[in-house]
Amino acid sequence: MNSTRFKKSRPCPELTEAPPLQMDPVNLAKDFRHYYAHHLGRDKHCRLTHYAYEAMALVVRDRLMERWKSTRYAYEESDCRRAYYLSLEYLMGRSLGNSILNLGVVDEVSKALYGLGLELEELAEAEQDAGLGNGGLGRLAACFLDSCATLQLPVQGYGIRYEYGMFRQRLDNGYQIEEPDHWLGAVNRWEVERPEYTQRVKFGGRSEPYRDHSGTLRWRWVETRDVLAIPYDVPVPGHQNGTVNTLRLWKAVATAEFDLGEFNAGDYPGSVAAKNEAEKITMVLYPNDSSENGKDLRLRQQYFLASASLQDVMEKWSKIQGNQLSRFAEKNCFQLNDTHPSCAVAELMRLLIDEQGMTWDQAWETTQKTMAYTNHTLLPEALEKWPVRLFEQLLPRLLDIIYEINARFLKQVAQRWPGDLERQRRMSIIEEGPEPQVRMAYLAIVGSFSVNGVAELHSQLLQQGLFKDFYELWPEKFNNKTNGVTQRRWLAWCNQGLSELISERIGEGWVTELEQLSQLKPLAEDAEFQGQWQHVKHQNKLRLAELVRAECGVAFAPEAMFDVQVKRIHEYKRQLLNILHVIHLYDRIKRGDTANWTPRCVLIGGKAAPGYAMAKQIIKLICNVAEVVNNDPAVGDLLKVAFIPNYRVSAMEVICPGTDLSEQISTAGKEASGTGNMKFMMNGALTIGTLDGANIEIREEVGSENFFLFGLTATEVEVVRRDYNPAGFINADENLYRVMQLLRSGHFNQCEANIFDSIIQAIYSPHDPWLVAADFSSYVAAQQQAARAYQDQHGWTKMSILNSAASGKFSTDRTMQDYNRDIWRLEPVSAMQVTGGAPRLPRRIEELVNGEPQKAFARTD
Ligand code: 26Q
């Protein structure tokens with residue numbers, strides 16, 4: 001980096017205090033033209049919507065900037081307690097529409113564009129998704145940020161600025177092909193580079209004891225290979241409240257000395273290799289949505305995020321509070337999004353002890369009061385573990401600290417359960433064996449004051465199963481925080497037709513208080529309202545049908561029931577059960593059992609982890625079944641099947657408004673929560689689902705009569721599994737038997753012999769953990785109920801309205817209030833106080849005016 005770039009200078013207030021920008025259509029259009037013509041250099045011959053999008057993004061970005069600054073100042077001035085969300089993933093999707101909505105200028109922007117012969121929707125669609133996440137956990141983080149900004153909570157996100165986000169999925173003859181998503185190849189208008197806040201992250205080397213000036217024995221981490229972390233800030237606007245919070249994403253860059261050293265030693269290739277090694281850290285998002293053990297680059301990513309973020313917070317703290325670290329825990333809280341950033345527990349200990357000179361006990365008290373951990377899985381095999389050997393090589397000082405944490409922790413266990421060595425072995429952060437491993441979840445639990453699951457059932461099962469020992473030791477740490485989604489993106493923005501209809505009847509309050517949707521309940525049977533509701537749904541189905549036509553080449557007729565399952569492909573989510581039901585419907589049509597038939601369009605979408613062979617096979621099966629069904633003249637419009645490629649946030653924005661039936665069919669006790677289920681419900685889809693994750697709470701809210709329930713319960717699953725006999729289920733159910741016969745006969749793989757053998761075997765296996773055969777009959781029965789219910793359009797519409805009306809609980813606004821009440825305990829801070837009324841000089845500016853420039857521009861390269 002150029003060291004003169006961040007030389008201290010004396011900034012003048014006029015430089016940073018620009019007059020507020022106008023938000024009326026005339027000024028918006030004026031600025032738009034300025035960016036389009038003067039900045040981007042386009043003229044009347046340019047017909048690419050992309051540049052119109054770029055110009056509007058710049059217009060909107062300008063308007064976020066002043067609110068963003070005010071928010072920063074307001075937080076600084078109030079000296080408030082803050083929370084930091086640490087997550088390896090943020091699935092932000094597109095930002096233009098969301099920013100316009102949250103700034104409250106949808107109409108103004110639409111008018112401005114209309115005058116220029118453009119449409120907001122078209123521009124918005126030109127934006128690429130920011131796909132820095134795999135699925136539920138990453139999108140949840142994005143919804144959390146939206147709600148925190150809306151609630152004016154001082155919460156900052158920390159994450160990684162991956163050069164390549166989630167891969168793009170293409171299908172070739174039904175096989176998934178992964179293509180790189182070089183989303184940063186284009187300019188990203190939603191980030192601001194802040195090299196002045198660069199941090200340095202250590203890797204490798206060794207730890208070494210020494211005596212400090214007072215003779216105390218201490219440790220230092222030496223001979224490290226450092227990597228620079230450069231922050232890129234992304235604005236997170238609240239809903240029409242003047243608040244813009246920050247998501248800070250780190251990019252890895254080699255240090256200057258790093259490559260210079262090797263360069264001067266004459267090893268040019270070596271220096272380039274070293275640089276690549278460092279910069280590889282933030283190159284690509286790992287596309288697995290259950291842990292992949294042992295990849296050292298993934299551990300580097302995790303530590304890189306944890307270390308850069310903690311140092312960033314510490315540095316800000318030291319600058320404002322000096323070395324008054326005793327109050328650190330009072331003012332700061334870190335929420336760990338799963339175990340992925342849980343190195344933070346050991347890293348905070350290291351920073352407090354090695355760098356700040358705290359004693360172990362002080363540091364441990366601070367750490368334990370500062371960290372909170374959220375678990376997102378019930379699958380034991382998905383609990384993250386890292387080989388001790390890898391820690392030794394990559395993070396030797398952290399390993400020392402983890403050993404010490406573990407030794408002290410196991411003493412506590414021994415005190416509580418004297419002589420119970422088996423329990424000590426079970427609870428140890430270090431799993432012994434031929435290849436000893438660090439159990440990251442245990443490190444997170446031991447180091448945190450709060451451990452939460454993401455739905456009631458999930459939190460209970462954690463306490464009874466996966467984390468039972470820890471629950472017995474520390475019941476007070478454990479709590480539930482049921483997930484949610486933001487209704488700004490998942491209703492107000494993505495379903496403007498329904499939003500307008502709702503607001504006409506009950507006002508716009510639901511946009512920030514979703515519980516107000518319950519006011520729709522009395523309208524559920526109102527004929528006029530029903531008609532309007534159906535009309536909106538029809539329009540949304542046309543839009544979805546157009547997407548399916550364009551992406552899959554399959555014609556969906558909007559009169560049919562749209563039956564949708566979109567989510568990551570996983571055996572426990574049972575896309576397989578869905579496609580078996582499709583085969584059953586096909587079989588019924590073929591044998592002429594079509595009396596009172598409900599035409600159905602089945603849409604399935606989702607990405608498989610590139611190394612997950614079974615998941616890829618399932619995609620292939622879905623595609624092959626679709627091919628056979630869609631091309632059989634005997635089937636016609638009775639049944640259509642499509643697999644939508646490259647499922648992502650922006651696709652869901654079209655999919656959930658057009659869905660009638662939402663498939664939430666995981667094996668009970670396996671899906672931690674699900675959040676797609678909530679998006680569908682909010683948009684008036686009915687759910688067919690098992691008693692799993694948040695489905696249970698959805699059903700509770702909407703009433704069992706408005707939910708299609710099937711399948712074994714989590715408890716029954718455990719029982720059936722003990723001596724599971726799938727062949728018994730298959731032989732006992734004529735329908736399933738015929739489906740399996742069709743599959744085995746090669747009907748769906750005529751020229752591709754045996755390709756589905758592994759799937760067939762899995763269904764027949766007594767070790768099938770997902771009990772596909774066991775749940776088939778009750779699934780088909782529930783599907784039949786749904787089909788019958790759909791024929792009564794009046795009854796269906798009533799249930800649809802009631803689903804939407806009962807979705808109030810599933811707003812992340814509620815989720816964030818729960819986290820805040822029980823874990824973070826933050827005071828909301830209004831940024832309006834700074835911007836509203838007569839502009840007042842915030843403290844930092846006052847300091848600058850009074851001649852203390854070094855405070856604001858303290859960091860130099
Ligand atoms: C870990 C280590 C190495 C490589 C990959 C990973 C990894 C990455 C992503 C492990 C898990 C994930 C993502 C998990 C996830 O999305 N879980 C979902 O979280 C949602 C939000 O809480 C829940 O609603 C879903 O039930 C849960 O499956």
Side-chain angles (χ1 to χ4, degrees), residues 121-122 125 489-502 520 524 528-567 578 582 585 597-605 626 629-630 635-645 647-664 676-688 706 708 783 786-805 807:
E121 193 178 320
E122 196 189 336
E125 278 169 19
R489 180 176 298 258
W490 296 114
L491 185 53
W493 175 252
C494 77
N495 196 345
Q496 289 175 31
L498 202 64
S499 299
E500 276 164 31
L501 176 58
I502 293 170
L520 294 174
E528 189 199 349
F529 189 66
Q530 279 210 348
Q532 295 169 325
W533 191 270
Q534 284 168 343
H535 175 73
V536 170
K537 179 61 82 177
H538 188 81
Q539 297 301 311
N540 289 333
K541 287 173 83 170
L542 288 175
R543 189 155 73 113
L544 174 51
E546 174 49 30
L547 179 73
V548 171
R549 190 202 55 75
E551 296 286 324
C552 323
V554 179
F556 275 15
E559 295 73 31
M561 177 206 268
F562 282 16
D563 167 349
V564 180
Q565 185 178 24
V566 283
K567 49 181 80 228
N578 187 346
V582 171
L585 292 180
W597 188 265
T598 303
R600 206 190 265 256
C601 297
V602 179
L603 184 64
I604 303 176
V629 170
N630 298 336
V635 175
D637 276 346
L638 297 181
L639 181 62
K640 291 280 175 225
V641 189
F643 186 92
I644 184 160
Y647 174 61
R648 60 199 186 283
V649 171
S650 60
M652 185 56 158
E653 290 173 16
V654 181
I655 293 169
C656 68
T659 296
D660 295 308
L661 187 64
S662 149
E663 300 270 352
Q664 307 301 335
N677 46 4
M678 302 168 184
K679 294 165 199 166
F680 284 117
M681 178 198 201
M682 214 171 264
N683 284 276
L686 275 68
T687 305
I688 181 164
N706 301 307
F708 301 104
Q783 286 284 18
R788 229 172 293 126
Y790 191 77
Q791 292 185 350
D792 169 13
Q793 276 295 294
H794 172 73
W796 185 277
T797 307
K798 174 186 166 192
M799 293 195 282
S800 167
I801 296 169
L802 289 176
N803 265 273
S804 199
S807 66

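Atoms considered below: every heavy atom in the structure, side chains included; atoms not considered: hydrogens, waters and symmetry mates. Heads up: numbering here begins at 1 and tracks the sequence.
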Could you check whether any side-chain N or O of [X] sits under 3.5 Å from a backbone N or O of [Y], counting only pairs where one atom can act as donor and the other as acceptor?
X    : Y    : answer
K679 : W490 : no
K798 : Q530 : no
S800 : W796 : no
E551 : V548 : no
W597 : L638 : yes
S499 : L491 : yes
S807 : S804 : yes

What I'd like to find out is whether the side chain of [X] reaches to under 4.5 Å of the side chain of [Y], using heavy atoms alone.
X    : Y    : result
L661 : Y790 : no
L603 : I644 : yes
M682 : N495 : no
L547 : I655 : yes
C552 : P645 : yes
R549 : F556 : no
T797 : K537 : no
M652 : K567 : no

Compare every heavy atom of [Y] with every heavy atom of [X], then report the nearest pair and how far apart it is.
X    : Y    : value
A557 : F562 : O-CE1, 3.3 Å
A560 : D660 : O-OD2, 3.7 Å
Y647 : G605 : CB-C, 4.1 Å
I801 : A524 : CD1-O, 3.7 Å
A805 : L520 : CB-CB, 3.9 Å
R600 : A787 : NH2-CB, 3.9 Å

Say you draw a straight line from [atom1] of [X] to [atom2] of [Y]; how long is it, rounded to the nearest 0.5 Å?
X    : Y    : atom1 : atom2 : answer
I502 : Q532 : CD1   : CD    : 11.5 Å
Q783 : D563 : CD    : CG    : 5.5 Å
N677 : Q664 : CG    : CD    : 4.5 Å

- Task: Report the C-alpha separation of E125 and E121 in whole Å, then their side-chain angles, then the decisive distance to 0.1 Å, and conclude whether the side chain to side chain contact (heavy atoms under 4.5 Å, CB included) test is met.
- Result: CA-CA 6 Å; E125 278 169 19; E121 193 178 320; 3.4 Å; yes

Residues [X] and [Y]: side-chain donor-acceptor under 3.5 angstrom:
X    : Y    : answer
N803 : N706 : no
Q793 : E559 : no
N578 : Q565 : yes

- Message: Can you tell whether the side chains of R543 and E546 come within less than 4.0 Å, N to carboxylate O?
- Response: no

- Around D637, counting heavy atoms of other residues, nucleotides and ligands shown, do more than 12 lie under 6.0 Å from its CG? no

